[in-house]
*Asks:* 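Sharing a structure with you now.
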Number of protein chains: 4
Amino acid sequence: MCPKVTSQHKLEVRGRIIQSAIECFSNDGFDRTRMDEISLSADLSKGTLYNYFENKEDLFNAICEDSLDLLKVQLHHLFTKSRDDLISNAELFYENFQKLQKEGTAKVFFEALAESTRNPKLQKILFNHRLKIYKVVENYLQIQSDMGFIKADRNLAYVASGIVSLFDGITTASLIGIPENYNKKTWAVAIKAILSNLD
Amino acid sequence: MCPKVTSQHKLEVRGRIIQSAIECFSNDGFDRTRMDEISLSADLSKGTLYNYFENKEDLFNAICEDSLDLLKVQLHHLFTKSRDDLISNAELFYENFQKLQKEGTAKVFFEALAESTRNPKLQKILFNHRLKIYKVVENYLQIQSDMGFIKADRNLAYVASGIVSLFDGITTASLIGIPENYNKKTWAVAIKAILSNLD
Amino acid sequence: MCPKVTSQHKLEVRGRIIQSAIECFSNDGFDRTRMDEISLSADLSKGTLYNYFENKEDLFNAICEDSLDLLKVQLHHLFTKSRDDLISNAELFYENFQKLQKEGTAKVFFEALAESTRNPKLQKILFNHRLKIYKVVENYLQIQSDMGFIKADRNLAYVASGIVSLFDGITTASLIGIPENYNKKTWAVAIKAILSNLD
Amino acid sequence: MCPKVTSQHKLEVRGRIIQSAIECFSNDGFDRTRMDEISLSADLSKGTLYNYFENKEDLFNAICEDSLDLLKVQLHHLFTKSRDDLISNAELFYENFQKLQKEGTAKVFFEALAESTRNPKLQKILFNHRLKIYKVVENYLQIQSDMGFIKADRNLAYVASGIVSLFDGITTASLIGIPENYNKKTWAVAIKAILSNLD
DNA sequence: GATGAATGAGCTTTCATTCAT
DNA sequence: TATGAATGAAAGCTCATTCAT
């Protein structure tokens, strides 16, 4: 029999590698993650990894793109799904945010950040990703504004980037070990202040 | 001639190692920094490094402490020196902030952050450091409040942690390559909103 | 559709593999030639290679035989075709020689030579090949002698092996980068001296 | 005590590495020689090899230069020492030649030749080396001429390169397994013809 | 104390070969 | 028969650490 082109199979294997890689890179960072670990975790031989990705960096870039794409999708869902008043529900919003992060995407983001100072390609990926996130949040604010929850503001783009930065900063605090309750309150206080005060 | 060994001399050498290490770890991160590099940059032999620090991790912890201490001092100066109205001068404040960061302390902070997920001792250092920063900012806000620039607020501690987080997040944006003008405006908009809206 | 398997087809495929292999081994040598390269160049899958040849060494031996056979044929043509006076036309002869070599057979010869020190089977192939070349040249000299261009000589066999060795040595010089004009003159001077001086 | 600079020691170790490398590369060729082998044979750790040579290729280049230098010296001795009539003693000369080659320099030469097609730096080394050999032989012929053993010849340079090429070609034959007696006779016949027939 | 040559465990990567389809 | 994904042994190379001087 002539062999069929198992494009489906290759995609499945690639996905398995990516998943294992996300886990490993999240836990151990780029440098300390061993290709051995990844292949073991994906239940594949080390050689197979190199049939799918040119080298470690290539794999890392791929999982960054995938991981960031996932994050973007998650944020998009979160923002478009929740049509509630952000100001009143700030704390609930934070909790939902954090739940998403637990799935591993946040840690990869910080790994990518550290790595990006030595990897221009990665820096570009991160840059573009950030712009998309800004846009997602800005659209969300526009909706909140349309619904009358917040005032329209000529600075909506800056408000959006401010909110994203605030969230990144609090995630940093969270990573360091600042208690979640404290972080949640910090978020709520800042968000309420920012959104109540639009021009 | 063989060098004389005095306590003074030891301190001087230790300082030189720390300085070189800060530079190297800032540029290349923990894993990619070679002990060779550091010793070369400090104009010492590799063996001498090990007379002053037990191993690479020990050295990294030491420079983190030193580097963070420096950052704390810098922030303290910045906050106690500038008795202006933070709201009106938000952009100027951001610029001064950034100037401090350029001296290398910021990058070490993010390196330490990445490393801390694998290094409990380092995590504790970062945790305590963060609390100190929060306190510095809180005191500053109290002064601003005393001077009538901002309203007193029962949530001053949370406002302080929010400001620190906001700044960390914007520094992240800066590292990724978001233009400084954009970041500055983001900062100004958020800061004005937060501080104008205290209860 | 699955390809039909006919004896004709098998021979055609085998030929394609040999051709690709000659090219690859000529360019990169035994060790640095990848089975991937050969299969790609022959527009076949890697697995198919192993249906025709047991392993890399087996394939190399096969192409050596083929390549050397070709060289023998080329030399035979050259020697039997040119009925001119070798002494007078030594330089022209060298040029014709070189033209043949350009087709890739020479490089394979030196690859085989290097490889033969570790491959007894290959050494035997090369040994037998060399004897045949000696014979081809000896016959040629006999013809030249019959035609009165050179004296008959009781050492004709040694003269033949001398000429072959001289040519190999000059090919070595050519590989190293000694200019062709210099090599040609070297050849002409030596050939004239050798052939003018037969007993 | 302050440590002394053990330049002497480093030279001694470097020499040991070179010696082991010559042996290994002679026996197994460039590609098949393992760095492990060399270090083992030199009774050193693999890491130490890399303290003395940047990488495998660097080491190979170094041993080529060393090995070729040695060959040049050997040839120089041979040619300046033997003030006999080369024509009458051609066979003896060949034997002395071969004796030198047995010491390992010849095989490295052919290894280098094969490798040089992929290594421009090496090609240059071989090229320059060859020119030097030509010169050594040319000088020798001049002396033979001065002593009246051979005629002066306007083509002495070409005669020299012819002799070198002849010798290389016969060495090739020797590597392939052509019997030494046959090679010796080939040499004698060709040498006598060439040198008896100078203009 | 200061040195730097030596170490060797451990990493990334390669590639001839196999075999289920 | 043809395929090409999977394999895994083995290679080159790195670098934190040690220790005799």
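A, B, ... follow the sequence lines: proteins, then strands. Residue 1 opens every chain.
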*Asks:* Please report the distance, rounded to the nearest Å, between CG in Leu49(D) and P in dC15(F).
*Replies:* 17 Å
*Asks:* Would you list the pairs meeting side-chain hydrogen bond (donor to acceptor under 3.5 Å, both in side chains) in which at least one residue belongs to residues 54-64 of chain D, sequence neighbours left out?
*Replies:* Asn61(D)-Asn119(D)
*Asks:* Can you tell me how far C1' of dG4(F) sits from CG of Leu40(C), to the nearest Å?
*Replies:* 12 Å
*Asks:* Quick check: closest heavy atoms across Ser41(B) and Cys24(B), and the distance to 0.1 Å?
*Replies:* CB-SG, 4.5 Å
*Asks:* Pick the nucleotide of DNA chain F nearest each of Val13(C) and Gly47(D); which residue has the one closer to the 5' end?
*Replies:* Val13(C)
*Asks:* Represent DNA chain E in dot-bracket notation, 5' to 3'. Only Watson-Crick or G-U wobble pairs with both distances under 3.5 Å count; pseudoknot-style crossings use [ ] and interstrand partners use |.
*Replies:* .||||||||||||||||||||
*Asks:* Would you mind reading off the distance between Met35(D) atom CE and dG8(E) atom C1', rounded to a whole angstrom?
*Replies:* 15 Å
*Asks:* Tell me, please, which residues at least two apart from Tyr50(B) pass ring-ring contact (aromatic ring centres under 6.0 Å, His included).
*Replies:* none
*Asks:* Listed by chain and number, what are the side-chain hydrogen bond (donor to acceptor under 3.5 Å, both in side chains) partners of Asp66(B), not counting sequence neighbours?
*Replies:* none
*Asks:* Is a donor-acceptor pair below 3.5 Å formed from side chain Lys46(B) to base dT17(F), judging by atom type as modelled?
*Replies:* yes
*Asks:* Round to the nearest Å and state the distance from Arg32(A) atom CZ to dC11(E) atom P.
*Replies:* 12 Å
*Asks:* Check Lys107(A) against Leu175(A) and note the closest heavy-atom contact, atom names and distance.
*Replies:* CG-CD2, 4.4 Å
*Asks:* Grab the CD1-C1' distance between Ile38(C) and dA16(E) for me, whole Å please.
*Replies:* 11 Å
*Asks:* For Asp43(C) and dG4(F), what is the distance between atoms CG and C1' respectively, to the nearest whole Å?
*Replies:* 14 Å
*Asks:* Would you indicate what Thr33(B) reaches in the nucleic acid, counting non-hydrogen atoms under 4.0 angstrom: base, sugar-phosphate, or nothing?
*Replies:* sugar-phosphate
*Asks:* In chain order, what residues pass the side-chain hydrogen bond (donor to acceptor under 3.5 Å, both in side chains) check against Ser116(C), with sequence neighbours excluded?
*Replies:* none
*Asks:* From C-beta outward on Ser45(B), which listed nucleotide comes closest to its side chain: dG8(E), dG4(E), dG4(F)?
*Replies:* dG4(E)
*Asks:* The criterion is side chain to side chain contact (heavy atoms under 4.5 Å, CB included); which residues satisfy it with Asn128(B), sequence neighbours excluded?
*Replies:* Lys124(B)
*Asks:* For Thr48(C), which residues count as a side-chain hydrogen bond (donor to acceptor under 3.5 Å, both in side chains) partner, sequence neighbours excluded?
*Replies:* Ser45(C)
*Asks:* Find the distance Glu37(C):CD to dT14(E):P and express it as a whole number of Å.
*Replies:* 14 Å
*Asks:* Rounded to whole angstroms, how far apart are CG on Asp31(C) and P on dA16(E)?
*Replies:* 9 Å
*Asks:* Using the side-chain heavy atoms of Lys10(C), tell me which of these nucleotides is nearest: dT7(E), dT3(E), dT1(F).
*Replies:* dT1(F)
*Asks:* What pairs meet the side-chain hydrogen bond (donor to acceptor under 3.5 Å, both in side chains) rule with one or both residues in residues 28-39 of chain D, with sequence neighbours excluded?
*Replies:* Asp31(C)-Arg32(D), Arg32(C)-Asp31(D), Glu115(C)-Arg32(D)
*Asks:* Tell me, which pairs form a salt bridge (charged side-chain N to carboxylate O under 4.0 Å, His left out) where one or both residues lie in residues 11-24 of chain D, sequence neighbours left out?
*Replies:* Glu12(D)-Arg16(D)
*Asks:* Starting at the 5' end of DNA chain E and moving along, which residue's nearest nucleotide shows up first, Thr48(B) or Thr48(D)?
*Replies:* Thr48(B)
*Asks:* Going by ring-ring contact (aromatic ring centres under 6.0 Å, His included), name the residues that satisfy it together with Phe60(D), two or more places apart in sequence or in a different chain.
*Replies:* Phe25(D), Phe30(D)
*Asks:* Picking from dA6(E), dA11(F), dA2(F), which would you name as closest to the side chain of Arg34(D)?
*Replies:* dA11(F)
*Asks:* What residues from residues 59-66 of chain C pass a heavy-atom cutoff of under 4.0 Å to DNA chain F?
*Replies:* none
*Asks:* Can you pull out the residues from residues 50-58 of chain A that lie within a 4.0 Å heavy-atom distance of DNA chain E?
*Replies:* Tyr50(A), Asn55(A), Lys56(A)
*Asks:* State whether His9(B) places a side-chain N or O below 4.0 Å from either non-bridging phosphate oxygen (OP1 or OP2) of dG1(E).
*Replies:* no
*Asks:* Return the minimal non-hydrogen interatomic distance between Val108(D) and Ser26(D), and the atom names on each side.
*Replies:* CG2-OG, 3.0 Å
